[in-house]
Amino acid sequence: MNSIETSGCAIHFNNACYEHISQFLTTTTPSKIFVLVDENTHLHCLPYFLGQIGTSLPIEIIEIDAGEQHKNIETCLGVWEALTELGADKKSLMINLGGGVITDIGGFIASTYKRGIPYINVPTSLLAMVDASVGGKTGVDLGGLKNQIGVINSGAMVLVDTAFLSTLPEAQMRSGLAEMLKHGLIQDASHWQVFEALEEITKSDFDTHIRQSILIKKAVVDEDPYEKGLRKILNFGHTIGHAIETHALNHPDKPELLHGEAIAIGMVVEAYISQQELGLDQAVVKEIKERIVKIFGHPKIDQNDFNAIIALLKHDKKNEHGQINFVLLQAIGKPQIDCHAGTELIINALSFYNA
Ligand SMILES: NC(=O)c1ccc[n+]([C@@H]2O[C@H](COP(=O)([O-])OP(=O)(O)OC[C@H]3O[C@@H](n4cnc5c(N)ncnc54)[C@H](O)[C@@H]3O)[C@@H](O)[C@H]2O)c1
Ligand SMILES: [Zn+2]
């Protein structure tokens with residue numbers, strides 16, 4: 001598969017990854033390589049990765065605990081200290097080998113250690129491949145607030161080797177798939193259509209769809225890296241989705257919901273709002289709901305939770321001037337940013353999802 005080399009950070013795929021990193025290591029000769037992993041990617045991804053890059057440069061492994069709850073400044077402190085103790089200098093290279101938690105926190109650590117050392121993202125989850133590792137957003141959570149602290153800084157390159165997906169749990173695969181569906185809905189009707197019969201997609205076709213999904217994200221980010229306007233379209237499904245995700249996290253007694261699972265619900269709810277506000281075709285809204293329910297199942301949102309979810313919406317980071325900000329669709333591939341919706345419509349939309 002051809003690399004994606006528009007502006008900035010290049011993205012390479014599968015076997016080509018290892019030719020490119022080898023070239024990079026030869027030309028930049030890092031003083032030391034630091035590979036950041038969590039316990040899962042340490043076990044499942046690191047041995048294969050080290051076998052593939054086969055370099056004689058010194059390598060240190062730094063492991064952090066897996067999971068979003070560790071994407072915080074305490075974890076950064078531990079890694080910054082480890083880097084210092086292990087003698088990382090300005091010429092060291094950091095390689096983030098993991099899901100979106102590793103690429104987000106690793107990118108942030110590298111961007112701030114000694115005012116910035118080069119880093120490479122090697123995403124190992126589907127979500128990190130098609131979304132988190134691309135576009136230069138790095139950072140950590142603060143208290144209950146997601147991605148509250150961070151910087152925008154693209155790494156030197158992204159290496160997407162889909163072989164890593166063979167050990168990724170199925171629920172995590174689905175979570176990443178939600179972002180691929182989103183990329184189709186906001187920018188490319190044909191990319192949405194390829195998931196009509198998911199069960200018939202071969203591995204090599206799926207690789208092509210991963211590349212296409214990354215291409216969509218990268219094109220948006222290249223045009224608007226600092227989210228002044230266009231980049232906001234990537235938030236489709238995320239206003240409602242984040243509120244549902246946060247609500248589930250605040251209530252550990254309720255069934256666990258992965259990010260993509262919450263976003264999938266958010267896309268159905270926001271498709272309904274799109275119909276009411278922008279005239280999105282009713283048949284399209286029905287198709288979006290049916291496809292998402294087919295892939296993600298149909299966990300209902302408890303009616304008693306609607307008010308708590310709406311209260312969370314009012315605190316969304318994307319709000320401006322006290323109004324809840326939505327990305328809505330006029331049609332598949334035609335998003336509109338900075339839209340608003342009243343409480344009653346949001347309640348109707350949540351009920352539409354449940355029905
Ligand atoms: N920077 C961005 O633009 C951006 C965009 C979207 C999401 N994100 C961030 O990404 C994070 C979510 O990413 P995620 O879903 O990858 O979460 P994650 O990094 O927690 O990975 C999910 C789980 O899968 C495991 N795992 C990863 N690869 C594996 C493999 N190949 N085999 C077996 N297990 C594997 C991880 O250890 C973890 O337990 C969130 O923190 C989110 O904020 C960032
Ligand atoms: Zn997302």
Side-chain angles (χ1 to χ4, degrees), residues 9 36-49 63-72 75 96-108 111 121-142 145-155 158 160-183 185-186 213-214 217-218 220-221 225-227 231-242 244-246 249 256-267 317-318 327:
C9 163
L36 186 70
V37 291
D38 65 26
E39 66 268 25
N40 299 320
T41 63
H42 197 160
L43 178 68
H44 296 296
C45 308
L46 185 67
Y48 167 83
F49 180 72
E63 184 187 305
I64 63 171
D65 293 336
E68 183 72 26
Q69 69 276 27
H70 300 289
K71 198 177 101 176
N72 57 35
T75 304
N96 304 319
L97 180 69
V101 168
I102 289 285
T103 58
D104 270 18
I105 199 170
F108 178 67
S111 303
N121 276 341
V122 185
T124 61
S125 70
L126 182 58
L127 190 137
M129 288 177 189
V130 299
D131 197 352
S133 69
V134 177
K137 281 191 183 177
T138 73
V140 294
D141 305 334
L142 182 70
L145 300 170
K146 278 210 36 153
N147 305 323
Q148 185 77 348
I149 308 294
V151 300
I152 294 190
N153 173 32
S154 285
V158 181
V160 177
D161 185 345
T162 59
F164 290 120
L165 298 176
S166 65
T167 56
L168 190 70
E170 207 181 311
Q172 297 289 352
M173 272 303 274
R174 269 200 305 273
S175 186
L177 188 59
E179 305 288 0
M180 299 177 81
L181 296 173
K182 178 195 78 182
H183 290 155
L185 288 173
I186 57 174
S213 206
I214 295 172
K217 169 147 188 194
K218 178 136 172 75
V220 170
V221 169
Y226 294 97
E227 203 162 319
R231 188 169 183 165
K232 292 184 189 174
I233 67 173
L234 296 168
N235 292 324
F236 176 64
H238 282 62
T239 301
I240 296 286
H242 269 155
I244 292 174
E245 185 183 13
T246 307
L249 285 172
E256 198 196 351
L257 215 48
L258 294 179
H259 173 74
E261 296 172 320
I263 292 328
I265 299 173
M267 289 193 285
K317 218 171 36 242
K318 298 183 283 300
V327 177

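Counting convention: from 1, in listed order, for ligands and their atoms alike.
The nearest pair of heavy atoms linking Pro47 to His42 is CD-O, 3.3 Å. When all heavy atoms are compared, the tightest approach of Lys182 to Phe236 is CD-O, 3.5 Å. For the pair Leu258 and Ser175, the tightest heavy-atom approach, listed with the atom from each and the gap, is CB-OG, 3.9 Å. Contact between Ile102 and Asp38 at its shortest, heavy atoms only, is CD1-N, 3.6 Å. Among all heavy-atom pairs drawn from Ala128 and Ser133, the shortest one is O-OG, 2.7 Å. Of all heavy-atom pairs spanning Val220 and Ile233, the tightest one is CG2-CD1, 4.0 Å.
Within the 3.5 Å criterion, the main-chain N or O of Asp104 finds no donor-acceptor partner in the side chain of Lys71. With hydrogens and angles disregarded, a donor-acceptor distance shorter than 3.5 Å links the side chain of Asp161 to the backbone of Ala163. Counting only distance, with no hydrogens or angles, the side chain of Thr75 and the backbone of His70 share a donor-acceptor pair below 3.5 Å. Between the Thr138 side chain and the Val151 main chain, a donor and an acceptor come within less than 3.5 Å of each other. Side-chain atoms of Arg231 never come within 3.5 Å of backbone atoms of Val221 as a donor-acceptor pair (strictly under, hydrogens ignored).
Backbone and side-chain nitrogen or oxygen atoms of His44 are examined, and none is located within less than 3.5 angstrom of a nitrogen or oxygen of ligand 1. Not a single N or O atom of Cys45, backbone or side chain, sits closer than 3.5 Å to an N or O atom of ligand 1. Remark: ligand 1 and Glu68 share an N or O pair separated by less than 3.5 Å (distance only, no angle test). By the 3.5 Å distance cut-off applied to N or O atoms, Ser125 is counted among the residues near ligand 1. Geometrically, ligand 1 and Arg231 share no nitrogen or oxygen pair separated by less than 3.5 Å. Checked by distance only, ligand 1 and Asp104 come closer than 3.5 Å through their nitrogen or oxygen atoms. Between Phe164 and ligand 1, an N or O atom pair is found at a separation short of 3.5 Å.
Nearest to atom 30 (C) of ligand 1 by heavy-atom distance, out of Asp131, Thr103, Thr167, Thr138, is Thr167.
The shortest contact between atom 10 (O) of ligand 1 and any protein heavy atom is with Gly100 CA, 3.3 Å. Summary of contacts: the protein heavy atom closest to atom 35 (C) of ligand 1 is Leu168 CD1, 3.6 Å. Of the protein's non-hydrogen atoms, Lys146 NZ, 3.7 Å is the one closest to atom 42 (C) of ligand 1. The nearest protein atom to atom 23 (C) of ligand 1, hydrogens excluded, is given as Gln172 NE2, 3.5 Å; this is a heavy-atom distance. Here the protein heavy atom with the shortest distance to atom 4 (C) of ligand 1 is Ala132 CA, 3.4 Å. Taking atom 28 (N) of ligand 1 as the reference point, the nearest protein heavy-atom neighbour is Thr124 OG1, 2.8 Å. Atom 3 (O) of ligand 1 has its closest protein heavy atom at Lys217 NZ, 3.3 Å. The nearest heavy-atom contact from the protein to atom 12 (C) of ligand 1 is Leu127 CD2, 3.8 Å.
Within the 4.5 Å cutoff, the side chain of Cys9 has heavy atoms near those of the Val158 side chain.
Neighbouring protein atoms of the Zn ion (ligand 2) (N, O or S, distance under 2.8 Å, waters ignored): Glu179 OE2, His238 NE2, His259 NE2.
Residue contacts with ligand 1, taken as heavy atom pairs separated by less than 4.0 Å, involve Lys71 solely via side-chain atoms from C-beta onward. With a 4.0 Å cut-off on non-hydrogen atoms, Lys137 touches ligand 1 through its backbone as well as its side chain. Residue contacts with ligand 1, taken as heavy atom pairs separated by less than 4.0 Å, involve Val101 via backbone and side-chain atoms alike. Under 4.0 angstrom from ligand 1, there are no non-hydrogen atoms of Leu258.
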>> Between Thr41 and Phe49, does the side-chain contact (heavy atoms from CB on, under 4.5 Å) criterion hold? Intermediate values first, please.
In response: CA-CA 10 Å; Thr41 63; Phe49 180 72; over 6 Å; no

> Run the salt bridge (Lys or Arg N to Asp or Glu O under 4.0 Å) check on Glu227 and Lys137 step by step: do they pass?
Replying inline: CA-CA 10 Å; Glu227 203 162 319; Lys137 281 191 183 177; 2.6 Å; yes

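Atom CG of Leu126 sits about 5.0 Å away from atom CE of Met173, to the nearest 0.5 Å. Interatomic distance, CG of Leu249 versus CD of Gln69, reported as 9.5 Å (0.5 Å rounding).
Put simply, no part of His259 is less than 4.0 Å from ligand 1, judged by heavy atoms.
Close approach to Asp38 involves these atoms of ligand 1, each under 4.0 Å from a residue heavy atom: 36 (C), 37 (O).
With His259 as reference, Glu179 is the one residue of Glu179, Glu68, Lys146 to meet the side chain to side chain donor-acceptor pair (under 3.5 Å) rule.
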